[in-house]
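The structure under discussion appears below in the form of structure tokens.
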Number of protein chains: 2
Amino acid sequence: MNLEIGPINKSSLSKQVADQLQEAILEGTLKADDRLPTEEELAQRFQVSRPTIREALKRLAAKNLIRSRRGPTGGSFVNHLGTNELSDHLTTATTLFVSMNDVSLDEISSTRLEMESYCFRLACQHRTEEDLKRLEQHLIYQKNKNISPEEFCAADVRFHRAIADSSHNKMLSFIMYTLIEALQPVSNMIAYRFREREIITSQHERIFNAISNQDRKLACAILEEQINYLQQLHEEAQENHQQ
Amino acid sequence: MNLEIGPINKSSLSKQVADQLQEAILEGTLKADDRLPTEEELAQRFQVSRPTIREALKRLAAKNLIRSRRGPTGGSFVNHLGTNELSDHLTTATTLFVSMNDVSLDEISSTRLEMESYCFRLACQHRTEEDLKRLEQHLIYQKNKNISPEEFCAADVRFHRAIADSSHNKMLSFIMYTLIEALQPVSNMIAYRFREREIITSQHERIFNAISNQDRKLACAILEEQINYLQQLHEEAQENHQQ
DNA sequence: ATAAGTTAATTTGTCATACAAATATAAAAT
DNA sequence: ATTTTATATTTGTATGACAAATTAACTTAT
């Protein structure tokens with residue numbers, strides 16, 4: 001005689017608490033840098049034990065929604081989520097999605113080409129002097145031949161991110177950050193050889209000049225060249241690997 | 001005399017454990033549907049207490065990386081992360097990003113227009129008979145005038161998602177899922193009036209026909225019409241609100 | 001009086017233990 | 001043979017205690 005009425009709370013208490021707190025953050029009841037009640041207070045309010053509250057808080061911490069500090073002025077605080085704070089979070093999600101769903105390199109690079117072209121067009125229109133200055137600094141750093149492969153990759157990411165930011169469209173920047181990351185595993189393979197480094201860097205230099213001169217067509221053409229180049233290198237690497 | 005050598009473990013134990021497990025999942029050591037050791041076993045292996053292990057597991061659960069079940073055959077299992085599983089996760093991140101960084105509706109809708117146009121072009125090229133059948137089913141459901149506003153919104157999301165999937169580019173689908181969600185708060189305002197519902201539905205019908213006939217230009221034109229229409233409604237609503 | 005050091009208070013982090021709830025398996029009763 | 005019952009396993013929750021970090025107030029020495 002299973003006559004349960006109403007939607008029974010099937011999920012665990014820690015999840016329910018986490019969801020309620022998240023809702024408060026999303027609604028704006030809890031704003032950025034606000035301090036949450038102490039764990040003990042939360043436990044009393046929600047009528048659950050402290051470990052349960054802690055599990056809930058860790059759920060939020062995993063999503064980067066809150067941070068915690070010890071001590072008298074410590075506690076849990078609502079995070080301000082900018083592009084940078086969310087990027088590492090999105091990176092793991094994207095990486096997992098790509099690996100678990102057998103997303104092909106072609107799918108990634110064609111999507112990225114389409115979107116980054118849009119970025120380039122906007123950047124050519126709206127780039128400020130500060131944008132150009134930032135891009136140039138990244139470029140100079142990249143030319144340094146003493147940096148490690150890892151540093152070169154990171155610099156590559158930063159350069160493309162800077163262009164995305166130069167579009168002055170925050171939504172677009174946000175999306176591009178994930179797409180740039182998605183293609184990184186491929187770029188990583190390349191950064192070890194110096195000759196390829198030089199090619200990439202020179203392409204970046206030409207892109208910089210094109211954006212500086214607000215030449216949309218040229219900028220997009222070089223981008224396409226670079227993405228095709230990466231794809232080609234990847235195919236060669238795979239063939240070598242199969243032998 | 002602060003001579004600590006080496007990178008001290010600054011983060012909490014539960015975070016360290018969570019990171020290690022996540023790394024194992026990302027690397028492929030733990031594959032989808034694999035079962036993790038029991039909490040007690042994990043506690044022994046990592047030499048920490050069970051509550052600490054639990055906090056770590058809840059961190060992973062918050063990211064949708066694992067699921068848990070009770071009982072003899074229960075435990076924690078690695079999730080298979082498809083587009084759907086990740087989308088709700090990304091949705092909260094996107095929603096927060098939009099609200100916390102004052103992303104304008106214009107930034108969102110222009111980005112979405114650009115990306116969804118690309119979707120439409122690909123969908124016109126690659127749509128299969130199954131794709132069309134799915135789209136038609138969503139359309140039929142949407143025409144039903146008895147569904148609640150919430151259901152109408154959800155149906156709207158599903159329709160646009162189905163088009164994204166019809167592009168047969170998984171990376172693009174993944175990105176589009178977040179973008180569609182980001183514009184939902186605006187659409188939600190609209191679904192309450194029946195006249196607007198009819199306009200939206202008729203636009204969807206025309207989009208369906210265009211994709212069915214592989215008419216790229218027409219499909220994209222109607223999309224632009226719809227997004228502009230939403231933006232216009234939003235502006236009107238804001239003006240009314242200010243009065 | 002000022003500066004340094006010390007103590008106390010607050011809050012998160014961790015641990016140990018116990019029990020409740022769910023669930024599958026095997027045994028027992030109908 | 002089918003249903004019921006018992007039982008073992010595993011996550012979920014509660015309680016209590018202590019450790020570690022950090023700030024504020026206080027004390028002491030110069």
Side-chain angles (χ1 to χ4, degrees), chain A residues 1-4 6-22 25 30 33-79, chain B residues 1-4 6-22 25 30 33-79:
Chain A
M1 285 295 223
N2 222 342
L3 6 128
E4 301 262 357
I8 26 172
N9 277 329
K10 224 190 122 190
S11 56
S12 68
L13 289 179
S14 69
K15 177 151 177 49
Q16 290 178 46
V17 171
D19 286 345
Q20 284 193 46
L21 290 175
Q22 176 173 314
I25 295 174
L30 287 170
D33 293 325
D34 273 359
R35 184 189 145 159
L36 277 68
T38 66
E39 295 177 349
E40 220 146 349
E41 274 179 43
L42 286 172
Q44 286 181 3
R45 281 201 209 174
F46 286 99
Q47 286 292 303
V48 295
S49 68
R50 193 156 86 93
T52 301
I53 289 291
R54 282 186 61 79
E55 285 179 13
L57 292 178
K58 292 320 156 204
R59 291 179 122 108
L60 299 182
K63 295 189 192 175
N64 244 310
L65 294 188
I66 61 169
R67 62 185 181 278
S68 297
R69 256 196 0 248
R70 286 201 267 210
T73 61
S76 298
F77 299 85
V78 179
N79 268 338
Chain B
M1 286 298 222
N2 224 340
L3 7 128
E4 301 262 357
I8 26 174
N9 279 329
K10 223 188 120 190
S11 55
S12 68
L13 288 178
S14 70
K15 177 150 177 50
Q16 290 177 47
V17 172
D19 286 345
Q20 283 193 48
L21 290 175
Q22 175 172 319
I25 295 174
L30 287 169
D33 293 325
D34 274 359
R35 184 188 146 161
L36 277 68
T38 66
E39 295 177 349
E40 220 146 348
E41 273 179 44
L42 286 172
Q44 286 181 2
R45 281 204 210 173
F46 285 99
Q47 286 293 303
V48 295
S49 67
R50 192 156 88 91
T52 302
I53 290 290
R54 281 185 63 78
E55 286 179 12
L57 292 178
K58 292 320 157 203
R59 290 180 123 108
L60 300 181
K63 295 190 194 174
N64 244 311
L65 294 188
I66 61 168
R67 61 184 182 279
S68 296
R69 256 198 358 251
R70 287 200 266 210
T73 62
S76 298
F77 299 85
V78 179
N79 268 338

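Please read all numbers here as calculations on a predicted model, not as lab measurements. Worth knowing before you read on, the calculation uses all heavy atoms, side chains too, and leaves out hydrogens, waters and symmetry mates. Per chain, numbering begins at 1; letters A, B, ... match sequence-line order.
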Nearest-0.5 Å distance that lies between atom CZ in A/R59 and atom OG in A/S14: 4.0 Å
Salt bridge (charged side-chain N to carboxylate O under 4.0 Å, His left out) against B/D19, all qualifying residues, sequence neighbours excluded: B/K15
Sorted by number, the residues of residues 34-48 of chain A with heavy-atom contact under 4.0 Å to DNA chain C: A/R35, A/T38, A/E39
Approximate separation, where rounding is to 0.5 Å, of A/L21 CG and A/F46 CZ: 4.5 Å
Any residue of residues 64-77 of chain B with a heavy atom less than 4.0 Å from an atom of DNA chain C: B/R70, B/G71, B/P72, B/T73
Partner residues of B/K63 under the salt bridge (charged side-chain N to carboxylate O under 4.0 Å, His left out) criterion, sequence neighbours left out: none
Residue pair B/S68 / B/S76, side-chain heavy-atom distance below 4.5 Å: yes
Contacts of B/T38 that satisfy side-chain hydrogen bond (donor to acceptor under 3.5 Å, both in side chains) - sequence neighbours left out: none
Side-chain (B/N79) to main-chain (B/N64) donor-acceptor, under 3.5 angstrom: yes
Taking every non-hydrogen atom, the tightest pair across A/A62 and B/A62: CB-CB, 4.1 Å
Residue pairs, two or more places apart or on separate chains, that pass salt bridge (Lys or Arg N to Asp or Glu O under 4.0 Å) and touch residues 44-55 of chain B: A/R54-B/E55, A/E55-B/R54, B/E39-B/R50, B/E39-B/R54
Pairs involving residues 66-75 of chain B, ordered by first then second residue, that meet salt bridge (Lys or Arg N to Asp or Glu O under 4.0 Å) (sequence neighbours left out): B/D33-B/R67
Start and end of chain B contact along DNA chain D [non-hydrogen atoms, under 4.0 Å]: D/dA8 to D/dT13
Five-pair end axes of the helix from C/dA1-D/dT30 to C/dT30-D/dA1 and the angle they enclose, rounded to 10°: 10°
Chain A contact limits on DNA chain C, taken 5' to 3' with a cut-off of 4.0 angstrom to heavy atoms: C/dA9 to C/dT14
Heavy-atom pair of closest approach, residues A/P72 and A/R35: O-NH1, 3.8 Å
Distance in Å, B/L36 CG paired with B/I25 CD1, rounded so as to fall on 0.5 Å steps: 6.5 Å
CA sep, side-chain torsions, deciding dist, call: A/V17, A/L57, side chain to side chain contact (heavy atoms under 4.5 Å, CB included): CA-CA 9 Å; A/V17 171; A/L57 292 178; over 6 Å; no
Nucleic acid contacts of residues 52-59 of chain B, taken as heavy-atom distances under 4.0 Å to DNA chain D: B/R54, B/K58
Side-chain donor/acceptor of B/Q47 to backbone N/O of B/Q44, under 3.5 Å: yes
With sequence neighbours excluded, residues passing side-chain contact (heavy atoms from CB on, under 4.5 Å) with A/L13: A/Q16, A/V48, A/T52
Side chains of B/I66 and B/L60 in contact at under 4.5 Å (non-hydrogen atoms): yes
